[in-house]
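Beneath this line is the structure, given in structure tokens, with notes to follow.
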Amino acid sequence: SYKAITILENCQSCGTCVKYCPLNIRKFNSENKAITINSDKSCGGCSVCFHRCPNNAILLNPIKKQHVK
């Protein structure tokens, strides 16, 4: 699993990732940068925003799964 992370200095506030996020969990922050928000849905790293971003401002960060013993 992955979570989409915005590289803020690369974000040009174009809104492409916000428009194409299938879970609708990408929004603009107070600095007008598109970020993944916390919500009841969680980013699974589908990579739509990663592939659509024209500024290479999205990083897919691996999420370690918790193992329950």
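Atom set for the values below is all heavy atoms of this structure, side chains included, hydrogens, waters and symmetry mates excluded. Predicted model, so just to flag it, every value in this text is computed and none were measured.
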* Spacing of C43 atom SG and N38 atom CG [to the nearest 0.5 Å] -> 11.0 Å
* Asked: Quick one: side chain to side chain contact (heavy atoms under 4.5 Å, CB included) partners of I7, sequence neighbours excluded?
  -> E9, N10, L59
Without placing hydrogens or testing angles, list every side-chain donor-acceptor pair under 3.5 Å for residues 20-31, not counting sequence neighbours.
{"from": "N24", "atom 1": "OD1", "to": "K27", "atom 2": "NZ", "distance (Å)": "3.3"}
{"from": "R26", "atom 1": "NH1", "to": "T6", "atom 2": "OG1", "distance (Å)": "3.4"}
{"from": "R26", "atom 1": "NH1", "to": "T36", "atom 2": "OG1", "distance (Å)": "2.6"}
{"from": "R26", "atom 1": "NH2", "to": "T6", "atom 2": "OG1", "distance (Å)": "2.7"}
{"from": "R26", "atom 1": "NH2", "to": "A34", "atom 2": "O", "distance (Å)": "3.1"}
{"from": "N29", "atom 1": "OD1", "to": "E31", "atom 2": "N", "distance (Å)": "2.9"}
{"from": "N29", "atom 1": "OD1", "to": "N32", "atom 2": "N", "distance (Å)": "3.1"}
{"from": "N29", "atom 1": "OD1", "to": "K33", "atom 2": "N", "distance (Å)": "2.9"}

Indicate every side-chain donor-acceptor pair of residues 48-57 with a distance under 3.5 Å to a residue at least two apart or in another chain.
{"from": "H51", "atom 1": "NE2", "to": "S47", "atom 2": "OG", "distance (Å)": "3.4"}

* Asked: Can you tell me how far the CD1 atom of I63 sits from the CG atom of L60, to the nearest 0.5 Å?
  -> 10.0 Å
